[in-house]
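Order of the sequence lines sets the chain letters (A, B, ...), proteins ahead of strands, with each chain counted from 1. This one's a predicted model, so the numbers in the text were calculated from it and none came from an experiment. Note: hydrogens, waters and symmetry copies are ignored here, and every other heavy atom, side chains too, is used.
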Amino acid sequence: MQTYFWIPLLILIAIWYLTFSANRLDRLHHRAETSWANLDAILQRRAALALDIAHQEKIDPATNLLLTAAAHQAREADISERNEAESGLTQALLILSEDEELISSYPQLFSELDLITERLRIAISLHVEAVAAARSRREKMIYRIFRLAGHAPLPVKHAFEDDSLQEPKR
Amino acid sequence: MKIGFVSPYAWDVPGGVQAHIKDLARYYRDHGHEVSVLAPATDESLIEDDFVTPAGRPVAIPYNGAVARVLFGPVAASRVRQWISSGEFDVLHLHEPAIPSLSLLACSIAEGPLVGTFHAAAPRQKVAFAIAPLLEPVIEKLRARIAVSEVARETLTIHLDTDAVVIPNGISTDFFHKAQANPEWKKPLSIGFIGRFSEPRKGLGILLDALPNIARIFPHFKVLIAGPGEGIEAMQSVNPALRNHLQFLGRINDDEKAAFLKSLDIYIAPNTGGESFGIILTEAMAAGVPIVASDIPAFRSLLDEGRYGRLFENENSDHLATSIIELLRKPELRADFTRKGLERAERFDWSQVSDEIMNVYLHARGEDEKVRLVSETRPWNRFFTREDE
């Protein structure tokens, strides 16, 4: 009698717990994906803005070339080259941020750049956090044994995210 | 955008978190967003704002050295459910979701673009976070976390092991800047203090201990103390010869507070700890009063290590007295702090802070996403729930 009662109950609890855990992980994956989508959109906007700045008159040819190349690379890079491309663009924009004269001649463009940099900072920190949360959950024993992650790809953090978090040195 | 706010504390009781939500909600409403606030209320007839939905009477629990009025339980849960399902929010902004409250309830039954703001700074309060493992599955649903200060962020990383974006509390700088001084309070060499002075952590005792030293140099200074309470008890600890320097004003409202700050020569914040942000300091800076504050972490970061106000060693009355004397002696130093303070206060104006928060909302939200109830997405629940809810 005892076993007939306990075994189904235990099975039910186990099923509930597994569904609950799978749900949790699913939500974390979703969070990581949303934050990446937002981050990606902002990176695209930054590249577009960099191109805009590069095409201004007062930019010297060398900077123009550097910036245009970096922006194009960032826009067209596939996922394996993305890291290098975004880091490159960050560096190129950092060089610009030292040029006080240029900044004062295009206040609108540069205030937009400041805005995007600020949003980028938030987007990156949210993405880093979402990825970390999902990954640490996936590493738990129960998720590995029961393969609760299924075929969902492992969320990844890109190296450029760390670089871009650095404050510009002015 | 349609934004839902959840307040953990009773709406009709004054408090920093409620004030923050009220200002933020009003600001967004005035700038073309739709807002709705769900909050407990001890007396529903006292609620003036039409965007507030009362959720029932809260109960009082001690928390973080003060009494918090929070609301929990099945009745509250059904109110929350109703409010969320009828609200169709684009973003749900939960305040202080890590303590047992309406916010935690909302966090556990909602899903989608959830944003949480953490106000508390309680680095040593283990009890409140002992339930962290139980909280984890709920808190991890938040798409974005905001901490109001570095200290609040640290509290969060230590106890809940998650990071947060730091966005400070906002104030309306114009309100304080344009206030008129009250001639009754405007006296030469007046220094002021605001707070529930009966609580030791507010540090009034430190200020009172500093009085003898100040009186030796300035026989005619005046200390104005505002805050709920009688002051008789506090008076007893002061040397009778010094009592005529003190004036207790009792509880003051927002307009009086602005006039009060405008009337002062120096504002003193001798808090010994438990402070997360120190909104009063930003208000004082907006009103153009030079500040002398204890060097607790929240104040140090707010005043940028002493650039925007004088810091004294925490709980050291002698050091407080020397700092006050120095400032009273040098009007040009006070003017310098006033000028820098005004600059600093701009950073905390709602116009700037609300933009930053809106940024976070945008990041928390996928395309065309709405806040849903968890129960809607559980497959088996479709068989059990009734249609009419």
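Shortest non-hydrogen contact noted between A:Ser125 and B:Val165 is OG-CG2, 3.8 Å. Taking every heavy atom of both residues into account, A:Leu126 and B:Arg145 meet most closely at CD2-N, 4.5 Å.
Using a cut-off of 4.0 Å between Lys/Arg side-chain N and Asp/Glu carboxylate O, A:Arg31 and B:Glu140 are scored as not salt-bridged. With respect to the salt-bridge test (charged N to carboxylate O, under 4.0 angstrom), the residues B:Glu136 and A:Arg137 qualify.
A:His30 places none of its side-chain heavy atoms less than 4.5 Å from the side chain of B:Glu111. Side chains of B:Val374 and A:Arg27 form a contact here, defined as non-hydrogen atoms less than 4.5 Å apart.
Neither the backbone nor the side chain of B:Leu114 comes within contact range of chain A; no heavy atoms are under 4.5 Å apart. There is no contact between A:Ala130 and chain B, counting heavy-atom distances below 4.5 Å. Within the 4.5 angstrom heavy-atom criterion, only side-chain atoms of A:Ile42, from C-beta onward, approach chain B. Both the backbone and the side chain of B:Leu362 come within contact range of chain A, with heavy atoms under 4.5 Å apart. At a 4.5 Å heavy-atom cutoff, the contact between B:Asn359 and chain A is made by side-chain atoms alone. With a 4.5 Å cut-off on non-hydrogen atoms, B:Glu369 touches chain A through its side chain but not through its backbone. Proximity to chain B (any heavy atom under 4.5 Å) is shown, for A:His127, by neither the backbone nor the side chain.
With a 6.0 Å radius and a threshold of 12 heavy atoms from other residues, nucleotides or ligands, A:Glu118 has its CD atom above the threshold. Heavy atoms of other residues, nucleotides or ligands lying less than 6.0 angstrom from CD of A:Glu84 number 12 at most. Around atom CD of B:Glu305, more than 12 heavy atoms belonging to other residues, nucleotides or ligands sit under 6.0 Å away.
Judged as a salt bridge (charged side-chain N to carboxylate O under 4.0 Å, His left out), and not counting sequence neighbours, the contacts of B:Lys2 are B:Glu34. Annotation: side chain to side chain donor-acceptor pair (under 3.5 Å) contacts of B:Asn169 (sequence neighbours excluded): B:His20.
A:Asn38 places a side-chain N or O within 3.5 Å of a backbone atom of B:His363 that can act as its donor or acceptor partner.
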